[in-house]
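Lettering of chains follows the sequences in order, A, B, ..., and the numbering in each one begins at 1.
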Protein chains: 2
Amino acid sequence: MYQPTVTEENYLKAIYHLSNTGTKSVNTSSIATSMETTAASVTDMLRKLSDKEWINYEKYKGVKITRKGEKVALGIIRKHRLWEVFLTNILEFEWEEVHQMAEELEHVSSEELIKRLDKFLGHPKFDPHGDPIPDQTGKMESHDKFNLSAGEPGEKYIITGVTDHSTLFLKHLRKYGLLPGVTVSIAEIMDYDKSMLVKVSKDKFHLSLEVSKNILIKKYVSSK
Amino acid sequence: MYQPTVTEENYLKAIYHLSNTGTKSVNTSSIATSMETTAASVTDMLRKLSDKEWINYEKYKGVKITRKGEKVALGIIRKHRLWEVFLTNILEFEWEEVHQMAEELEHVSSEELIKRLDKFLGHPKFDPHGDPIPDQTGKMESHDKFNLSAGEPGEKYIITGVTDHSTLFLKHLRKYGLLPGVTVSIAEIMDYDKSMLVKVSKDKFHLSLEVSKNILIKKYVSSK
DNA sequence: TTATAAGTTTAGACAAATCTAAAAATAGTA
DNA sequence: TACTATTTTTAGATTTGTCTAAACTTATAA
């Protein structure tokens with residue numbers, strides 16, 4: 001068993017996310033893009049990760065994360081999301097401010113620290129952006145989320161998360177009060193540009209497709 | 001203005017501590033010892049730190065930290081000690097467990113994070129080991145501490161800190177309940193080996209010189 | 001005051017993570 | 001199918017922080 005370096009942890013996290021989010025296969029250039037580095041650097045790192053059995057890698061054939069690698073990635077993601085909860089709930093940061101800090105805090109190594117932090121925070125199941133927090137074994141909730149852009153006029157939904165985590169987008173949503181847990185109902189969808197009119201408590205907003213595509217929702221059901 | 005690397009931060013912290021704690025000048029080998037590295041590595045680093053104006057360094061002449069360097073060091077020490085308070089007071093770690101975790105947390109860069117952590121903790125003036133926490137400008141309390149080994153029989157003192165921060169020593173002290181804030185009175189000092197009999201609330205303990213030398217105290221004065 | 005010891009610096013090398021430029025392999029298309 | 005474009009890998013360098021071994025300074029002592 002090897003102890004991953006900070007860089008290796010970041011690569012594994014990126015590969016994990018690309019494996020689970022994107023539709024296309026995880027190739028060298030997609031990793032390079034997400035890590036903001038060159039394809040050559042990625043190739044070097046893939047060999048290292050493969051040597052340590054965190055990924056299966058064959059030259060020119062792309063990458064598949066192993067069970068071991070997934071365990072490392074989920075550990076980092078767990079830390080990241082727990083620290084995000086700490087930063088918003090305890091230190092009262094806004095949800096768009098916490099990502100960068102959590103990127104650093106996630107690499108603090110102590111397992112006992114994260115165990116106690118989890119307990120202190122009351123074992124939260126979701127981070128401030130609605131992303132599920134893996135438990136110590138790597139398991140996490142994943143209620144069937146779908147895009148607000150796929151919602152239907154007249155229906156009521158609860159916001160459960162976002163797919164764009166950029167500061168700019170999160171700030172934009174907060175302006176409308178469109179946060180996880182909030183109830184929205186779709187008043188109208190425009191045929192022309194697929195933009196929609198939504199009702200949030202007493203306010204009505206016009207959301208572009210660009211925006212609605214990046215909001216995750218679940219069906220509204222009264223009582224829980 | 002440069003942004004120090006983690007390694008540079010650790011060197012500056014070590015140099016700051018050697019400048020303020022030890023009696024002898026800060027030379028290459030003392031830094032090497034405290035950083036657990038070789039003299040050659042230290043020489044390389046001293047040139048870098050000097051280039052960035054965090055120290056004044058002349059070959060073969062030793063090192064003096066600059067105002068700028070001191071500011072960096074005090075920033076790290078502030079973070080370290082605030083995180084130690086967080087780990088003991090909020091996450092309920094024991095005082096001998098927190099040092100290693102704080103060594104990692106101190107390098108998390110956000111100034112705003114540390115500002116909010118400080119506020120959340122109630123602007124503590126001392127860490128769990130009794131060491132003063134610098135404020136944002138680098139100022140800190142420094143009430144005239146002295147060694148328990150220099151105390152006098154019949155006198156009453158309050159423990160204010162320790163000079164040995166090792167886990168082993170801290171665990172040892174906790175066994176006796178010898179923590180910062182606790183009142184001790186010296187019942188007797190043995191001529192032969194300078195060991196002492198001390199009273200802590202209702203218990204009496206025998207402390208070797210080795211131990212009493214590493215406990216910091218101040219005179220007891222009733223009411224504050 | 002000269003010899004030796006102790007401490008410090010230089011020289012040269014290495015590992016990790018990165019880069020650019022060139023070569024090789026794969027994919028897309030006429 | 002064969003040519004071209006895209007993607008990926010290799011080769012060779014660079015930077016940071018480290019090392020060992022040798023050379024050099026300063027301190028100590030006969």
Side-chain angles (χ1 to χ4, degrees), chain A residues 1-15 18-19 22-65 69 72-73 76 103-104 106-107 109, chain B residues 1-15 18-19 22-65 69 72-73 76 103-104 106-107 109:
Chain A
M1 269 295 146
Y2 302 94
Q3 185 61 34
T5 66
V6 168
T7 311
E8 286 169 342
E9 288 184 345
N10 284 330
Y11 269 93
L12 286 171
K13 194 174 48 145
I15 292 167
L18 288 168
S19 308
T23 52
K24 39 196 177 310
S25 83
V26 182
N27 53 11
T28 305
S29 51
S30 62
I31 299 169
T33 304
S34 106
M35 291 294 295
E36 296 184 297
T37 183
T38 62
S41 305
V42 173
T43 301
D44 286 346
M45 181 55 80
L46 292 183
R47 215 189 319 277
K48 276 186 222 170
L49 295 178
S50 183
D51 288 348
K52 293 173 179 167
E53 298 183 329
W54 289 318
I55 58 170
N56 288 317
Y57 167 59
E58 272 183 283
K59 290 202 294 185
Y60 299 104
K61 294 280 164 58
V63 165
K64 203 164 177 276
I65 197 161
V72 174
I76 303 300
E103 287 283 298
E104 293 186 55
E106 72 188 8
H107 301 293
S109 62
Chain B
M1 268 294 147
Y2 302 94
Q3 185 62 32
T5 66
V6 168
T7 311
E8 286 169 342
E9 288 184 344
N10 283 332
Y11 268 94
L12 286 171
K13 193 174 49 142
I15 293 167
L18 288 168
S19 308
T23 53
K24 40 199 179 303
S25 84
V26 182
N27 52 11
T28 304
S29 50
S30 61
I31 299 169
T33 304
S34 105
M35 291 294 293
E36 295 183 300
T37 184
T38 62
S41 304
V42 173
T43 300
D44 286 347
M45 182 53 80
L46 293 183
R47 215 189 320 277
K48 277 186 219 167
L49 297 178
S50 182
D51 287 350
K52 292 173 180 167
E53 297 183 332
W54 289 318
I55 59 170
N56 288 316
Y57 168 59
E58 272 183 282
K59 290 203 292 185
Y60 298 104
K61 294 281 165 59
V63 165
K64 204 162 177 279
I65 197 162
V72 174
I76 303 301
E103 287 284 297
E104 293 185 55
E106 72 188 9
H107 300 293
S109 61

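When distances run from any side-chain atom of B:Lys48 to the nucleotides C:dT10, C:dT20, D:dG17, the shortest one goes to D:dG17.
Considering every non-hydrogen atom in both B:Trp54 and B:Gln3, the closest pair reads CH2-C, 4.4 Å. Residues B:Thr28 and B:Leu46 share a closest heavy-atom pair of OG1-CD1, 4.1 Å. Annotation for B:Pro4 and B:Val72: closest pair CG-CG1, 4.0 Å, computed over non-hydrogen atoms.
When the P atom of C:dA17 is taken as reference, atom CD1 of A:Ile31 falls 15 Å away, rounded to whole Å. B:Leu46 places its CG atom 13 Å from the C1' atom of C:dG7, with the value rounded to the nearest Å. Counting to the nearest Å, the P atom of D:dC19 and the CE atom of B:Met35 are 10 Å from each other. As a whole-Å value, the separation of B:Glu58 CD from C:dT8 P is 15 Å. In this structure, A:Tyr2 places its OH atom 15 Å from P of C:dA15, rounding to the nearest Å.
Contact between the side-chain N/O atoms of A:Arg47 and the OP1/OP2 oxygens of D:dT10 is found at a separation under 4.0 Å. Phosphate contact (OP1/OP2 of D:dT8, side-chain N/O of A:Tyr57, threshold under 4.0 Å): absent. Proximity of A:Asn27 to the phosphate of D:dT8: a side-chain N or O atom is located under 4.0 Å from OP1 or OP2. Within the 4.0 Å cut-off from OP1 or OP2 of D:dG17, not a single side-chain nitrogen or oxygen of B:Ser41 is found.
Counting only distance, with no hydrogens or angles, the side chain of A:Ser41 and the backbone of A:Thr37 share no donor-acceptor pair below 3.5 Å. At distances below 3.5 Å, at least one donor-acceptor pair connects side-chain atoms of A:Glu8 with backbone N or O atoms of A:Thr5. Although no hydrogens or angles enter the test, the distance criterion places a donor-acceptor pair under 3.5 Å between the side chain of B:Glu104 and the main chain of A:Ser109.
Using a 4.0 Å heavy-atom criterion, one finds that B:Thr38 contacts the bases of the nucleic acid, with or without backbone contacts as well. The residue B:Thr28 sits close only to the backbone: its heavy atoms come under 4.0 Å of sugar-phosphate atoms, none of a base. Using a 4.0 Å heavy-atom distance criterion, B:Ser29 is classed as a sugar-phosphate-only contact. Nucleic acid contact for A:Asp44: base, since at least one base atom lies under 4.0 Å from a heavy atom of the residue.
Atom CD1 of residue B:Ile55 and atom CD1 of residue B:Ile65 lie 8.0 Å apart, to the nearest 0.5 angstrom.
Using a cut-off of 4.0 Å between Lys/Arg side-chain N and Asp/Glu carboxylate O, A:Lys13 and A:Glu103 are scored as salt-bridged.
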Atom pairs under 3.5 Å: protein N/O with N/O of nucleotides 22-26 of chain D:
| residue | atom | partner | partner atom | Å |
| --- | --- | --- | --- | --- |
| D:dT25 | O4' | B:Tyr60 | OH | 3.4 |

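Side chain to side chain, A:Ser30 and A:Asn27 meet the donor-acceptor criterion of an N or O pair below 3.5 Å.
Proximity of residues 5-14 of chain A to DNA chain C (heavy atom under 4.0 angstrom from any strand atom) is restricted to A:Thr5, A:Thr7, A:Tyr11.
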